[in-house]
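These numbers come from the heavy atoms of this one structure, side chains and all, not from hydrogens, waters or symmetry mates. The sequence lines fix the lettering, A, B, ..., with proteins before strands; numbering per chain opens at 1.
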2 protein chains.
Amino acid sequence: MGDEFCSCDIVHENVIEMVKKKMPQEEKLYDLAELFKVFGDTTRVKIISALFEAEMCVCDIAELLHMTQSAISHQLRVLRQARLVKHRKEGKVVFYSLDDEHIKSIFNQGLEHILEPRGFEYALQ
Amino acid sequence: MGDEFCSCDIVHENVIEMVKKKMPQEEKLYDLAELFKVFGDTTRVKIISALFEAEMCVCDIAELLHMTQSAISHQLRVLRQARLVKHRKEGKVVFYSLDDEHIKSIFNQGLEHILEPRGFEYALQ
DNA sequence: TTAACATATGAGCAATTGTTCATATGAACA
DNA sequence: TGTTCATATGAACAATTGCTCATATGTTAA
């Protein structure tokens with residue numbers, strides 16, 4: 001039954017069909033993964049966390065995170081392309097700030113998950 | 001001023017100090033990035049999306065996503081370690097389901113972001 | 001016990017990613 | 001105009017990641 005991606009015999013076809021119908025489009029799920037991938041790096045999470053507090057220029061962020069200007073600039077590019085930050089030029093200086101209200105929600109939900117006490121079963125792993 | 005991670009002279013020390021005080025602990029931000037990293041893969045996003053609809057065994061998921069049992073099992077391990085799914089054994093069969101209410105929120109906030117219409121400036125990039 | 005089966009896991013490989021280094025761009029000012 | 005400075009970017013390299021393949025684990029049934 002099916003395309004043999006699993007050697008099992010017990011496949012629950014009715015469940016699979018139901019789930020297949022209800023799941024979002026493949027493309028949406030791909031985009032969603034791409035979005036979370038942007039959040040999935042310590043440097044970028046730190047940048048976002050910093051920009052929650054204040055608009056900052058590239059140089060400030062580099063100084064704050066003890067990283068090179070180049071590294072920060074590369075990461076800001078990623079954040080820009082994901083529409084998570086916006087920028088404003090003032091002469092030579094470029095100020096970055098958060099672009100989206102959703103970010104705070106996503107970020108905070110993530111923090112809540114992190115801060116939850118861990119269950120017994122997990123502690124054993 | 002500072003540790004010279006940036007050759008700039010214009011560093012706004014007062015902003016940096018303020019932000020530094022308000023930012024979450026480094027370790028929390030690291031954990032947060034680790035959590036989002038788990039969401040940042042198409043296969044795992046699809047698995048989570050499927051488990052929103054129903055509890056499923058490894059074989060069902062493999063069939064649904066047209067992927068090998070091994071690939072799915074490896075990814076389920078990642079999801080388990082991040083406490084995003086739980087499992088229940090019934091004989092040889094292992095059923096997986098979502099472990100956490102936060103997941104739905106994080107996931108849906110992400111989808112909202114994805115679905116937002118894009119601005120003019122971004123369209124040009 | 002042995003055979004069959006559902007799942008888990010380790011090693012290896014290709015693809016992706018984050019940083020560094022060198023340099024380009026573009027704005028302000030002498 | 002030429003210089004200085006803030007930022008952006010391309011190439012290269014090391015580290016990480018997701019999959020495959022082979023095999024281990026653990027459960028059921030003969």
Intermediate values then yes/no, ring-ring contact (aromatic ring centres under 6.0 Å, His included), B:F39 and A:F39: CA-CA 9 Å; B:F39 281 95; A:F39 282 96; over 10 Å; no
In whole angstrom, what separates [X]'s [atom1] from [N]'s [atom2]?
X: A:H87; N: D:dT7; atom1: NE2; atom2: C1'; value: 11 Å
X: B:I61; N: D:dG18; atom1: CD1; atom2: C1'; value: 17 Å
X: B:K89; N: C:dC5; atom1: NZ; atom2: P; value: 18 Å
X: B:D41; N: D:dC19; atom1: CG; atom2: C1'; value: 10 Å
X: A:K37; N: D:dG18; atom1: NZ; atom2: C1'; value: 10 Å
X: B:Q69; N: D:dT25; atom1: CD; atom2: C1'; value: 12 Å

A:G40 vs A:G91, nearer the 5' end of DNA chain C by closest nucleotide: A:G40
Report yes if at least one side-chain N or O of [X] is closer than 4.0 Å to OP1 or OP2 of [N]; otherwise report no.
X: B:Y96; N: C:dA6; answer: no
X: B:T68; N: D:dC21; answer: no
X: A:Q75; N: C:dT19; answer: yes
X: B:R77; N: C:dT7; answer: no

Paired nucleotide for C:dA30 [Watson-Crick or G-U wobble; both distances under 3.5 Å]: D:dT1
Donor-acceptor pair (no angle test) under 3.5 Å: B:S70 side chain, D:dC21 base: yes
side-chain contact (heavy atoms from CB on, under 4.5 Å) evaluation trace for A:M67 with A:Q75: CA-CA 11 Å; A:M67 293 179 65; A:Q75 297 295 16; 5.8 Å; no
Check: A:D60 side chain, A:M56 main-chain N or O, donor-acceptor pair, under 3.5 Å: no
Closest-nucleotide 5' rank along DNA chain D - winner of A:F95 and A:H74: A:F95
